[in-house]
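Worksheet: the structure to be examined is printed underneath.
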Amino acid sequence: MTSVEIVRSPNADQVSTIAADLVADSVPSKLTAQDPTLWGPEAESEASIRLSWTTLHESSRALLPELVALRAELHAEGVDRVVLAGMGGSSLAPEVITRTAGVPLVVLDTTDPAQVVDALAGDLERTVIVVSSKSGGTVETDSHRRIFEKAFTDAGINAASRIVVVTDPGSPLQKASEEAGYRKVFLADPNVGGRYSALTAFGLVPSYLAGADVEALLDDAAEVAKVVSQDSVDNPAVILAGVFGAAHAHGAEKIIFADTGSGIVGFGDWAEQLIAESTGKNGTGLLPVVVEGPGAPGFVDARTDATTVAIGPATGSANIAVEGRLGAQFLLWEYATALVGRVLGINPFDQPDVEAAKKASRALLDAPAVAATIPSFVDGPVEGHGTGWTQRKVHTVAEALAAIVEVTPEHGYISVQAYLDRIDDASFELLRAEIAKRTHLQTTFGWGPRFLHSTGQYHKGGHQNGVFIQITGESGDDLEVPGRPYTLAQLQLAQALGDGQVLAEHGRPVLRLHLEDRIAGLAQLVEAVQEDGS
């Protein structure tokens with residue numbers, strides 16, 4: 001069963017009004033019928049080619065026989081280790097699906113060389129890599145493909161037999177893959193945007209090959225489809241749109257996610273991209289903040305600028321609680337996001353600000369000398385860069401953190417962005433809770449460049465009340481990208497600098513802390529956060 005429970009809402013009357021308006025205009029049923037006019041004339045062109053996700057619980061079943069056959073072939077050859085190279089919508093859903101199912105999947109959505117080296121260190125004799133890119137030109141995914149293709153060849157393995165591709169019809173990757181003779185090319189529905197693609201080939205192919213029951217996901221989605229398509233104020237998607245629309249109108253533009261025992265692992269990370277990239281544009285939108293649990297800073301002490309959401313049973317600190325199996329949750333939140341886009345008056349299917357950071361990164365790769373910047377200060381193993389937004393004299397990490405907190409707008413947020421190895425450097429995630437606890441500001445944590453394909457749109461296009469702490473670091477390993485004039489470490493740094501440049505052009509404060517030693521740097525960062533001045 002899928003349900004949405006409003007535990008407490010300060011805007012109950014307005015929630016009811018929004019819900020009634022959506023129902024009166026038959027928006028849920030029109031969305032199910034893939035009506036592209038629901039978001040206004042300016043959005044109609046894009047919406048007309050982005051609504052096939054409403055029927056994926058039916059159309060994606062055609063994939064199942066092909067998946068069964070491919071996995072059987074691979075297992076017969078002793079190939080049962082699955083690596084996924086993909087970014088954003090190509091990786092977030094498969095990671096949630098496989099972690100929830102308890103099956104192993106190596107996810108590469110990084111440019112950190114050490115993390116890629118670790119993935120290469122696995123048993124290549126048992127490995128198949130799924131290369132997923134909707135456009136076919138995603139720089140991170142293309143780099144992973146090139147690196148693994150060379151590694152297979154160097155190990156005496158027929159590389160083409162170990163590469164499975166998921167892409168859109170007609171993409172450059174489709175043509176190149178077919179010419180290279182790769183093991184299998186799955187063509188996804190082109191009328192589904194990346195962040196709505198959980199139940200397409202992008203979500204299902206790597207998940208099934210890794211061992212997840214994807215047919216059950218489709219069954220769960222089919223059940224909730226009967227409910228979210230109804231023109232009813234009891235429709236859970238209508239309720240969510242009403243709650244978030246009313247909250248936004250009263251200055252609560254943040255949604256705080258905590259899992260309260262749903263049995264789903266990492267759902268907030270998937271919902272984060274869906275909501276932030278769909279709504280964060282034209283100076284408006286909803287910013288998801290994923291926290292460690294219902295007792296975490298930012299959730300238990302949330303202020304009037306936030307709506308707290310329990311994924312699972314209701315807790316005392318939650319405004320609303322959403323329960324349901326994973327496939328149902330995927331479709332419910334997709335409907336709710338599309339509906340709240342109408343409420344906010346934005347197009348939930350474009351991402352106009354994502355390309356800016358990519359362009360800046362490419363420019364820095366073309367002129368690497370420009371990337372070399374002189375630190376504003378050096379404090380032990382940490383170099384501080386980009387403190388021109390403060391009039392304070394900054395000599396230490398603690399002083400820099402205190403200064404960036406000072407310039408955070410009232411009801412603003414702090415975004416911590418770690419361009420590091422999210423597996424070996426996972427301890428850096430504790431910075432989110434530490435900063436939130438001491439500043440009482442909503443604080444997000446994202447791994448770079450992964451977040452660029454997720455919340456990156458919101459940071460540039462949404463409410464301009466964020467400040468940004470980038471963390472970069474030296475890596476003991478580096479990898480050449482075959483056929484490209486850069487290494488992974490150079491690409492990773494260019495992505496950090498490029499995004500920082502675009503944020504600064506939007507007038508946002510950006511502090512970059514570069515760690516000469518990652519372990520010592522983390523200790524110093526935690527100590528600095530805990531100082532009274534920060």
_If the threshold is 4.0 Å, N to carboxylate O, is there a salt bridge linking Arg362 and Glu355?_
yes
*Could you check whether the rings of Trp39 and Phe349 sit parallel, tilted or perpendicular, using 30° and 60° as the cut-offs?*
perpendicular
*Output yes when Asp219 and Arg325 qualify as a salt bridge under the 4.0 Å nitrogen-oxygen rule, no when they do not.*
no
*Is the closest basic N to carboxylate O distance between Lys460 and Asp499 below 4.0 Å?*
yes
*So, Tyr413 versus Glu253: side-chain donor-acceptor pair below 3.5 Å or not?*
no
*Who passes ring pair (Phe, Tyr, Trp, His ring centres under 6.0 Å) against Phe186, sequence neighbours left out?*
none
*Using 4.0 Å as the upper bound for N to carboxylate O, is an ion pair formed by Arg450 and Glu95?*
yes
*Between Glu77 and Arg71, is the closest basic N to carboxylate O distance under 4.0 Å?*
no
*Scan side-chain atoms only and decide if Gln34 and Thr54 contain a donor-acceptor pair under the 3.5 Å cut-off.*
yes
*Note, Gln329 side chain near Ile264 side chain (heavy atom, < 4.5 Å)*: yes
_Show every salt bridge (charged side-chain N to carboxylate O under 4.0 Å, His left out) that has at least one partner inside residues 162-178, sequence neighbours left out._
Lys134-Asp168
_Pairing donors with acceptors under 3.5 angstrom, does anything connect the side chains of Ser133 and Thr138?_
yes
*For residues Ala62 and Pro65, report the shortest heavy-atom separation together with the two atoms involved.*
O-CD, 3.4 Å
*asked:* Under a 3.5 Å threshold, yes or no: a donor from one side chain and an acceptor from the other, between Thr111 and Tyr419?
replied: no
_Short side-chain donor-acceptor distance under 3.5 Å, Asp112 and Thr110_ = no
*Please identify each residue that fulfils side-chain hydrogen bond (donor to acceptor under 3.5 Å, both in side chains) with Glu429, with sequence neighbours left out.*
Trp447
*Do other residues, nucleotides or ligands put more than 12 heavy atoms under 6.0 Å from the CZ atom of Arg50?*
yes
_Polar contact flag, side-chain donor to acceptor under 3.5 angstrom, Asp231-Ser29_ = yes
*So Trp53 and Tyr335, would you call those rings parallel, tilted or perpendicular, with 30° and 60° as cut-offs?*
perpendicular
*asked:* Side chains of Thr472 and Gln470 only: does a donor on one sit below 3.5 Å from an acceptor on the other?
replied: no
*Note: Lys281-Asp353 ion pair, threshold 4.0 Å (strictly below)*: no
*asked:* Within the 3.5 Å criterion, strictly below it, is a donor on His453 or Ser91 matched to an acceptor on the partner's side chain?
replied: no
_Between Ser161 and Arg183, is there a side-chain donor-acceptor contact under 3.5 Å, judged purely by atom types and distance?_
no
*Answer whether the closest heavy-atom distance between the side chains of Phe267 and Trp333 falls below 4.5 Å.*
yes
*Side chains of Gln495 and Glu140: do they bring a donor and an acceptor to under 3.5 Å?*
yes
